[in-house]
Each structure stands twice: as structure tokens, then as C-alpha cells.
Undergrad: 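Next up is a structure, given as C-alpha cells.
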Amino acid sequence: MAPKAIIAPSILSADFASLGHDCSKTISQGADWLHVDIMDGHFVPNLTWGPPIVAKIRGHVDKPTEAYGKGTFDCHMMIAEPKKWVKEFKKAGCDLYCFHYEAAFSTAAESPEAKSDEKTSPKELIKYIHNQGMLAGIALKPATSVDVLWEILESEDPKERPDMVLIMTVEPGFGGQKFMASELPKVQELRKRYPELNIEVDGGLGPATIDQAADAGANVIVAGSAVFGAQDPSEVIALLREAVEKRNGKL
Ligand SMILES: O=C(CO)[C@H](O)[C@H](O)COP(=O)(O)O
């Protein structure tokens with residue numbers, strides 16, 4: 001069965017001065033998840049926020065009552081050392097910790113204070129995230145081949161397999177960029193092999209680009225400027241959902 005449509009507004013385009021209010025509002029306007037962009041100024045050339053702010057906005061949005069449910073905090077970790085921050089983000093209220101494949105071979109240190117010369121790996125990191133009680137996602141930058149994922153998705157240990165794959169359709173770092181249709185063959189290939197996988201796309205999604213992404217097989221749709229910049233965000237959220245459901249044959 002094709003996975004359901006999940007609309008996850010990127011709060012990078014919210015009003016940072018009233019973040020809690022904007023987050024609860026987008027959920028009441030029909031959003032399923034919040035896409036929380038974490039940037040460290042190293043992995044990407046931009047900075048956003050850390051666990052204290054995530055914990056504050058968690059206070060404005062009810063925790064999901066089931067896995068993948070409404071209010072899921074989908075934390076997109078655009079950071080150079082993803083293992084270091086797993087426990088901190090769990091404590092802050094993150095539900096789905098999505099790290100970048102490109103950063104997954106970095107230090108195995110388990111906290112901001114800890115030091116380690118050991119390296120981790122994508123499969124180890126996924127297992128570690130699962131063991132901390134969160135869903136795990138793995139993200140690919142545009143330059144990274146989708147072929148790196150097959151061995152991870154086929155891991156014998158289910159705890160080493162991701163719950164979601166994120167295909168970036170812009171270079172990570174900033175909102176409001178142009179959608180890269182060149183990334184859609186990755187989505188098509190993933191959907192062909194994994195009909196039930198949650199496949200997220202992020203960057204430049206909106207009314208003008210959603211049909212291409214939905215046709216390729218994406219079901220988790222991140223949209224920042226298209227939602228927060230809309231006159232009627234609920235209309236845009238409904239339109240994004242409808243495109244995915246149509247492709248799933250549910251409409
Ligand atoms: O991860 C991101 C940037 O790295 C953002 O989530 C993404 O770009 C969303 O913004 P928009 O929908 O405006 O393109």
C-alpha cells in the first residue's frame with residue numbers, strides 16, 4: 001500500500017519572533033508534521049537553533065499520540081556531527097531524527113561535551129537513534145547518489161534500517177530556493193524498489209512543483225516559503241496533500 005500523504009511545513013520560513021504561535025497555527029491549518037531545520041554553520045553555511053528552542057516550541061505543539069502522527073517533530077539535522085546531538089534532541093522533544101548521509105561517518109561522540117576519535121556509520125547511527133526511542137531518517141544532498149542507500153535499506157537488522165529517506169531538491173542551507181527536478185529520478189528509483197517507504201522531498205516545493213514530486217513517488221512533502229508565505233496556508237497544505245493522494249489513487 002502506498003504510504004499516506006504527510007505535509008510538513010518547514011519552520012525556517014516561520015516568523016522567528018513568534019515561533020511557538022506559528023508552529024501551533026500551521027498544525028491547526030492542516031499540517032501533519034513540523035519540519036524543524038537544524039543548521040550548524042559547518043555542514044551548511046547557515047545557522048538556526050538548537051535543543052533549547054526545540055524544547056520551547058514543543059510546549060506549543062502536542063506530542064504525537066502514535067508513530068508518524070500529527071505533531072511529529074521531523075528534525076532535519078544539517079550538522080557535521082549528528083551522533084553528538086541525538087540524546088539532546090530526544091530530550092527536547094524530537095520524534096524523528098533525520099541526519100545527512102554525508103555527515104554520518106563523523107565522530108562517534110555521544111554528547112556535546114564528550115570527545116571521541118572513533119567514527120560512526122549510517123547503520124550504526126540509525127540503530128543508535130532507534131535505541132534512544134526516535135524514528136530515524138537519512139537525507140541525501142543533491143550531489144550524493146541514491147545508490148549509497150541500498151545497502152542500508154537492505155540491512156539484516158531492522159533497527160539499522162531508516163524509517164524515512166529525505167531527498168533534497170535544493171542545496172541544503174536556505175529556504176526559498178529553486179526546486180531541482182534533476183533529483184526526482186532518485187525518488188522514482190526509491191519508490192520502485194520500496195512501495196511502502198516514507199520518501200520526503202525538501203526544497204522549492206509548492207503548488208507549481210508538487211505534481212512532479214508526487215508523480216515521482218514522494219509522500220512526505222516539506223514546504224517552507226510556499227506555506228508560511230501564502231495568503232491562505234490551509235489552502236496550500238490541502239493542495240499539496242491532494243496531489244499526493246491523487247498519485248496514490250486515493251482520490
Ligand atoms: O532544508 C531546508 C533548507 O536547507 C528547508 O527545509 C527548505 O529549503 C524549505 O524551504 P522552501 O520550501 O522555502 O524551499
Side-chain angles (χ1 to χ4, degrees), residues 5-16 19 22-23 26-27 29-50 53-54 57 72-80 82 85 89 94-104 137-144 164-184 186-187 198-214 216 218-241 243-244:
I6 293 170
I7 311 303
S10 157
I11 63 171
L12 197 56
S13 295
D15 177 354
F16 290 0
L19 206 45
D22 269 18
C23 290
T26 194
I27 293 288
Q29 286 168 334
D32 301 290
W33 294 0
L34 285 186
H35 184 82
V36 183
D37 294 287
I38 313 296
M39 304 186 188
D40 67 353
H42 294 282
F43 184 74
V44 289
N46 198 2
L47 277 172
T48 54
W49 43 65
I53 300 222
V54 174
I57 57 177
T72 291
F73 274 22
D74 163 28
C75 293
H76 177 192
M77 308 305 297
M78 288 167 269
I79 63 173
W85 295 95
F89 275 84
C94 168
D95 304 294
L96 192 164
Y97 190 95
C98 183
F99 65 88
H100 266 267
Y101 172 84
E102 301 83 2
I138 184 163
L140 296 188
K141 280 180 162 188
T144 306
M164 184 185 81
V165 170
L166 163 55
I167 299 297
M168 289 305 296
T169 45
V170 294
E171 280 303 333
F174 300 92
Q177 301 183 73
K178 190 169 180 291
F179 177 72
M180 295 167 67
S182 57
E183 299 312 293
L184 294 179
K186 293 179 186 174
V187 176
N198 280 305
I199 305 175
E200 181 173 64
V201 281
D202 178 13
L205 272 307
T209 51
I210 185 61
D211 285 340
Q212 297 171 67
N219 71 299
V220 186
I221 310 299
V222 176
S225 41
V227 169
F228 286 100
Q231 264 201 335
D232 184 352
S234 50
E235 199 175 69
V236 175
I237 291 169
L239 183 150
L240 299 174
R241 185 186 311 288
V244 176

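These numbers come from a predicted model, not from an experiment. First listed ligand is number 1; within each ligand, the first listed atom is number 1.
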Undergrad: I need the atoms of ligand 1 closer than 4.0 Å to a non-hydrogen atom of Ser10, numbered in the order shown.
TA: 5 (C), 6 (O), 9 (C)

Undergrad: Using a strict 4.0 Å cut-off to heavy atoms of Pro172, name the atoms of ligand 1 that fall inside it.
TA: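 Counting from 1, the qualifying ligand atoms are 4 (O).
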
Undergrad: For atom 13 (O) of ligand 1, what is the closest protein heavy atom, and at what distance to 0.1 Å?
TA: Ser225 OG, 2.5 Å

Undergrad: So does Glu171 have more than 12 non-hydrogen atoms from other groups sitting under 6.0 Å from CD?
TA: yes

Undergrad: Among all protein heavy atoms, pick out the one at the shortest distance from atom 5 (C) of ligand 1; state its residue, atom name and that distance to 0.1 Å.
TA: Asp202 OD1, 3.3 Å

Undergrad: Report the nearest protein non-hydrogen atom to atom 3 (C) of ligand 1: residue, atom name, distance rounded to 0.1 Å.
TA: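 The closest one turns out to be Phe174 O, 3.4 Å.
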
Undergrad: Using only heavy-atom distances, determine whether the side chains of Ser10 and Asp37 contain a donor-acceptor pair under 3.5 Å.
TA: yes

Undergrad: Which label fits His35 and His76: parallel for a plane angle under 30°, tilted from 30 to 60°, or perpendicular past 60°?
TA: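 Tilted.
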
Undergrad: For atom 10 (O) of ligand 1, grab the closest protein heavy atom and report residue, atom and distance to one decimal in Å.
TA: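 Here the nearest protein heavy atom works out to Gly175 CA, 3.6 Å.
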
Undergrad: Go through ligand 1 atom by atom and flag the ones less than 4.0 Å from a non-hydrogen atom of His35.
TA: 6 (O)

Undergrad: Which residue and atom name correspond to the protein heavy atom nearest atom 14 (O) of ligand 1, and how close is it?
TA: Gly204 N, 2.8 Å

Undergrad: Under 4.0 Å from any heavy atom of Gly173, which atoms of ligand 1 are there?
TA: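 Those atoms are 3 (C), 4 (O).
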
Undergrad: Identify, by atom number and element, the atoms of ligand 1 in contact range of His76, meaning under 4.0 Å from any of its heavy atoms.
TA: 1 (O)

Undergrad: Students often mix this up, so state it plainly: with edges at 30° and 60°, are the rings of Phe16 and Trp49 parallel, tilted or perpendicular?
TA: perpendicular

Undergrad: Should Ala223 be counted as touching ligand 1, given the test is an N or O pair under 3.5 Å?
TA: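 Ala223 vs ligand 1: no N/O contact under 3.5 Å.
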
Undergrad: Tell me, which protein residue and heavy-atom name are nearest atom 12 (O) of ligand 1, and how many Å apart are they?
TA: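 Among all protein heavy atoms, the one nearest atom 12 (O) of ligand 1 is Gly224 N, 2.8 Å.
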
Undergrad: For the residue pair Ala218 and Val187, what are the closest heavy atoms and their distance?
TA: N-CG1, 3.5 Å

Undergrad: Considering all heavy atoms of both residues, which atom of Cys94 and which atom of Cys75 are nearest to each other, and what is their separation?
TA: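 For Cys94 versus Cys75, the nearest heavy atoms are SG-SG, 3.5 Å.
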
Undergrad: Can you check whether Ile38 reaches Trp85 side chain to side chain, under 4.5 Å on heavy atoms?
TA: no

Undergrad: Quick one, Ile57 and Phe73 - any side-chain contact, counting heavy atoms below 4.5 Å?
TA: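 The answer is yes, as the side chains (C-beta and beyond) meet within the 4.5 Å cut-off.
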
